[in-house]
Amino acid sequence: MSGFSAGDLRQMLSRLRDVMAGVGVVQERLDKVVALIAQGLKADVCSCYVMRAGEVLELFATYGLSQTAVHLTRLRVGEGLVGEIAAHARPVALADAWSHPQFVYRPETGEDFFRSLMGVPMFQAGRVIGVLVVQTREQRPFNDWEVETLETVAMVIAELMAATQIVKREELFQAEGNALLPLRLTGETLHSGVGIGVAVMHRPHVRIGRLVSDDPRVEEQRLHVALATLRKEVDALMDGSHESALYGDILEVYRMFADDRGWISRISEAISTGLTAEAAVQRVHDDTRARMMQVSDPILRERLHDLDDLANRLLNILSGGGMRAELPDNAILICRTIGPTELLNYDRRKLRGLVMEEGSPTMHAVVVAKALDLPVVAQVQGALQRIDAYDLLVLDATAGQIILRPSEEVIDLTTVAVEARARQKEAYAAVKNLPSVTRDGVPIALYLNAGFLMDMQALDETNAAGVGLYRTEMPFLALPTLPDVRAQQALYRQVVETANGRPVTFRTLDVGGDKIAASTGAMSEDNPAMGWRSIRLTLDRPSLLRQQLRALINASAGGRLRVMFPMIATVSEFDTARHILEMELKRQKANGGAPAEVQVGTMLEVPSLLWQLDALASRADFISVGSNDLMQFIFAADRGNTRVAARYDTLSPAALRMLRSIVERCGQGKVELSVCGEMAGRPLEALALLAIGFRTLSMSATAVGPVRAMVRSLDLAQAALYVTELLDSDVPTLREYLRAFAHDRGIALG
Ligand code: PEP
Ligand code: MG
């Protein structure tokens with residue numbers, strides 16, 4: 001295979017196209033294809049394995065192995081090297097395949113003589129649909145160009161297989177059970193709520209008509225015209241006054257991707273190997289996708305969704321398709337994953353929910369869905385295979401489930417729940433202007449947690465007192481580097497303007513070393529939650545912190561600036577961070593135009609601070625308890641690990657005693673105190689927090705209504721007495737006691 005050039009690849013691709021497009025029995029055409037590849041790549045064997053029902057890879061065609069093994073040899077995903085390639089969606093290239101621990105010998109194939117093996121996954125719509133393998137007798141290594149060549153060939157075959165229906169979808173994924181019976185699918189709740197509607201399959205995958213080109217220059221030209229259109233489309237979305245006000249920060253990330261030199265030059269390179277512009281976009285995208293799948297960091301993997309969205313848009317433009325789909329009146333979108341602009345392209349008045357096979361809480365599309373209050377269930381295995389377009393669905397996102405073809409009874413019950421939820425929303429909206437005061441007259445300040453511009457619209461909707469936690473890192477997580485001071489300043493300015501005089505507490509960047517890897521040169525870490533992250537990173541790279549503080553100071557000129565530092569573990573870290581802020585303030589004052597008032601605070605989320613509270617309270621203007629991190633460190637239980645999630649309770653006496661001691665100590669230091677972790681937004685937990693002395697809570701937008709209702713129905717003195725007694729007892733948790741207490745006294749728990 002050595003000496004194989006780009007010209008050879010072009011020639012092989014056009015031969016493959018001719019064979020696949022030709023007439024004849026399917027099996028014969030596939031046999032010719034594998035023979036062509038083996039000869040073209042000067043390999044002794046080329047085999048094509050196709051994914052069949054039950055996650056099994058079947059040998060579909062081979063050149064060089066025994067023909068009797070075709071349709072007989074089957075490997076489970078994860079079994080043998082072929083199964084390994086499919087399981088991890090990544091190539092394998094081995095000079096000595098036999099010595100690899102994953103190697104499985106199948107005598108019927110007659111592969112005794114072949115030492116070296118190179119295999120790559122074949123994708124269709126981002127899903128592995130098979131594996132293409134070449135083997136040689138001679139023991140020899142494979143270089144990157146050879147692997148990439150085989151990947152290009154695999155992509156072309158996968159697309160041709162789909163276009164010519166060589167293997168039908170229903171053969172690939174066998175339908176389960178009786179298609180008329182109700183079926184329950186489960187997943188992760190990313191935004192709760194209930195909806196009834198018909199399934200709309202969001203299929204961004206564009207069938208590529210032409211794969212192989214005869215003139216790379218024409219394709220290069222087409223690519224550049226399409227890229228220009230893509231930029232215009234993103235700009236148009238940004239200029240739509242509503243969208244740009246709410247999603248400007250998300251779309252900006254997008255525009256940066258659309259201009260990414262690395263991405264564009266990789267597509268150009270693929271064009272030079274003989275692919276059409278659309279095939280080249282697909283090829284680079286498959287490759288990026290496969291690489292990103294290997295990244296364990298969930299936030300970095302989220303870049304994938306934005307790239308998916310962008311690549312699909314570009315493919316649509318190149319193939320002349322439109323993106324806006326017509327929706328039925330009650331639509332529940334079903335997708336593997338979706339990009340934020342794709343979601344915004346649908347008529348949001350007709351959307352009732354979103355179901356994803358993948359998806360995670362911080363992906364941009366979920367941020368958009370939350371702002372639209374669209375119920376979302378993610379990580380629903382097999383959703384695309386089991387749900388068909390126009391299937392009637394009940395989406396019970398609150399319980400993390402989807403009921404397919406529901407019975408009359410389920411529909412009736414769900415209709416009642418949908419109506420009740422709508423009534424409850426109206427009820428919260430109706431009392432949003434009533435004071436947040438307990439029945440015995442204690443005022444409780446309710447603030448919002450925000451991270452995107454679009455979250456700011458909830459200030460008016462909920463009538464929250466301000467933003468208690470603005471997670472500044474959110475829009476930047478998808479970027480390889482941080483935006484410059486000017487871009488950050490523009491964003492913060494918009495936040496301040498939409499707050500319209502209400503205070504906003506900006507938390508400085510809370511990112512792990514691996515999240516802005518390109519700009520910091522960080523290494524991956526074994527234990528990132530306790531690693532080089534957050535304030536540790538920005539103190540070690542003070543230019544990042546200085547730039548952000550400068551942007552915040554400029555954006556707040558003439559007004560009030562509240563800055564909060566995350567992950568502070570020692571008083572001296574707080575002093576150093578504050579000193580950097582003061583230097584920037586001094587600099588800005590000299591230039592004219594500093595904020596009229598500055599308040600500096602810290603998150604309390606590292607347990608070591610519990611024993612430095614006196615010193616901290618005398619230095620900080622405010623302290624906000626980040627109970628998400630604080631609890632994970634107190635109980636040594638990873639906050640993202642569902643296996644340990646239920647083991648420790650934030651309403652256990654240990655946790656509440658710890659929190660009560662914070663109130664007592666901070667009360668003496670006269671420092672402003674709040675809670676901004678998730679527990680502040682759950683009515684029952686919020687009740688406990690108020691009972692032990694907290695008076696300011698910051699929470700997500702959807703929590704403000706229910707917590708306000710709880711506050712207004714609470715007799716705080718009674719609750720404080722009750723909780724104090726329980727905290728001195730040895731009950732394992734206060735949860736059930738508090739629930740009964742609330743029930744007996746008519747306290748609203750949402
Ligand atoms: C927390 O840790 O409680 C917190 C509010 O910060 P984050 O969830 O962003 O880590
Ligand atoms: Mg935290």
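Counting convention: from 1, in listed order, for ligands and their atoms alike.
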Closest protein heavy atom to atom 4 (C) of ligand 1, given as residue, atom name and distance to 0.1 Å: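 I find the closest protein heavy atom is M603 CE, 3.6 Å.
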
Identity and separation of the nearest protein heavy atom to atom 8 (O) of ligand 1: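 Checking every protein heavy atom, the shortest distance to atom 8 (O) of ligand 1 gives R639 NH2, 2.7 Å.
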
Contact (N/O only, under 3.5 Å) between R533 and ligand 1: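 It does not: no N or O of R533 is found under 3.5 Å from an N or O of ligand 1.
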
Non-hydrogen atom of R507 closer than 4.0 Å to ligand 1: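 The answer is yes: ligand 1 sits under 4.0 Å from a heavy atom of R507.
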
Between S698 and N449: side-chain donor-acceptor atoms closer than 3.5 Å: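 Yes.
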
N, O or S of D510 under 2.8 Å from the Mg ion (ligand 2):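 False for D510.
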
Parallel, tilted or perpendicular, as decided by the 30° and 60° cut-offs, for the rings of F741 and Y722: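 Correct class here is parallel.
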
Part of S627 within contact of ligand 1 (heavy atoms, under 4.0 Å):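 For S627, the contact with ligand 1 is made by the backbone alone.
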
Per-residue contact class, N449 against ligand 1 - non-hydrogen pairs under 4.0 Å: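 Answer for N449: neither.
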
Interatomic spacing from CD1 in I662 to CD1 in I623 - rounded to 0.5 Å: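 These two atoms lie 8.5 Å from each other.
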
Cation-aromatic face contact R507/F565, 6.0 Å, 45 degrees: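 Negative - R507 is either too far from the ring of F565 or too far off its axis.
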
Of all N/O/S atoms in E605, the name of the one nearest the Mg ion (ligand 2):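 Distance check against the Mg ion (ligand 2) picks out OE1 in E605.
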
